[in-house]
Amino acid sequence: MYPAAFEYHAPASVREALGLLGQYKDDAKLLAGGHSLVPMMKLRLAQPKHLIDLKKIPGLSYIKEDGGAIAIGAMTTHWQVESSALLKQKCPVLSETAAVIGDPAVRNLGTIGGSLAHADPAADMPATIIAHGAEFVCEGPKGRRTVKVDDWFLGLMSTAVKEDELLVEVRVPLWAGKTGGAYLKFPHPASRFAVVGAAAVVTLDGAGKCTKAGVGITGAGIKAVRARDVEAGLVGKNLDQATIEAAAAKAAEGVDVQADLQGSVEYKSHLCRVFARRALEAAVKRARG
Ligand SMILES: Cc1cc2nc3c(=O)[nH]c(=O)nc-3n(C[C@H](O)[C@H](O)[C@H](O)COP(=O)(O)OP(=O)(O)OC[C@H]3O[C@@H](n4cnc5c(N)ncnc54)[C@H](O)[C@@H]3O)c2cc1C
């Protein structure tokens, strides 16, 4: 399959890219790693007349600590997230999530910004980004604005980034104290996308009581979501096995689980509960050290 004809642009700055977006509007698409967009173009599900490649723009690929958060440039590849010494030390669940995306070819070219802007309902990173409470920095003609993760995923492959904007940075707050996180998924055997995936991050106080919890679910519905009922079942409690199981039993509530080729609503709801429990068990174990 070949894509429809398009004109290729390689801007050298964010400003130049924004100028091209403003000029070509609906006819333009941004190109990051190309691992979602190019297959869609080959299937003619996307037929942009202008492709604006972000790869030649310097300064969009980095991972650094900044004001109590880890700032990650939108063009940072999955492999860079997976192998980052800083993330492994400060926020290992992010590296672990990147490590289970697709295969090495996908991880070498696919980017965190592309994945989070594309918002595939079966993508891995959205669950972890939700659990951690990240923020998104978008740049448009009027400057930069920040979007909280709970306002980011709007629907099927739809996010808060506007048509005249670029996602330039993802900011992942560092959680204080005894914190542990985990992301686990039931992978599709061919693509490795998540049939269902669950991320959990918990903080415990000195007595072992949960002071903060984040849980994200991906794959089950049309978009990744925060499992609020699970979180509510954790905060303020000692996270013994019975508490974890009772909280995880609510993992499919509020998810709007969809039946698809991978499974029925009942089956995918079951996977939500099982993987939320497993992610929580692993996160709590890590928080206890
Ligand atoms: C065989 C295969 C297996 C895969 N398996 C998995 C998997 O197991 N788990 C998983 O999570 N993903 C998987 N993926 C998807 C992969 O993670 C992609 O890298 C990712 O979804 C898109 O990132 P990209 O950089 O390739 O974006 P692109 O394909 O270049 O772009 C995707 C979309 O995002 C937009 N976009 C890109 N960057 C920006 C930006 N900075 N600002 C605004 N909009 C932007 C583009 O315009 C486009 O609409 C797989 C892909 C393939 C081909």
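One-based numbering, in listed order, for ligands and for the atoms of each. None of these values were measured; they are calculated from a predicted model. These numbers come from the heavy atoms of this one structure, side chains and all, not from hydrogens, waters or symmetry mates.
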Next item on the list: Under 4.5 Å between side-chain heavy atoms, chaining through other members, with only Ile, Leu, Val, Met, Phe, Trp and Tyr counted: pull out the rest of the cluster around Ile101, sorted by chain and number.
Entry: Val106
Next item on the list: With sequence neighbours left out, write down each residue that passes salt bridge (charged side-chain N to carboxylate O under 4.0 Å, His left out) with Arg278, or none if nothing qualifies.
Entry: none
Notebook entry, point to check: Near ligand 1, which protein residues have a heavy atom under 4.0 Å away?
Noted result: Lys29, Leu30, Leu31, Ala32, Gly33, Gly34, His35, Ser36, Leu37, Leu54, Ala74, His78, Ile101, Gly102, Val106, Gly110, Thr111, Gly114, Ser115, Ala117, His118, Ala123, Asp124, Leu166, Leu167, Lys185, Ser191, Arg192, Phe193
Item checked: Donor-acceptor pair between Gln262 and Tyr267 side chains, under 3.5 angstrom -> no
Margin query: Do Lys178 and Asp205 make a side-chain contact, defined as non-hydrogen atoms from C-beta onward lying under 4.5 Å apart?
Written below: no
Notebook entry, point to check: Which other residues belong to the hydrophobic cluster containing Trp175, where Ile, Leu, Val, Met, Phe, Trp and Tyr are joined when side-chain heavy atoms lie under 4.5 Å apart, directly or via other members?
Noted result: Val201
Note to self: If we ignore hydrogens and angles and just use 3.5 Å, is the side chain of Thr203 paired with the main-chain N or O of Thr211 as donor and acceptor?
What the structure shows: no
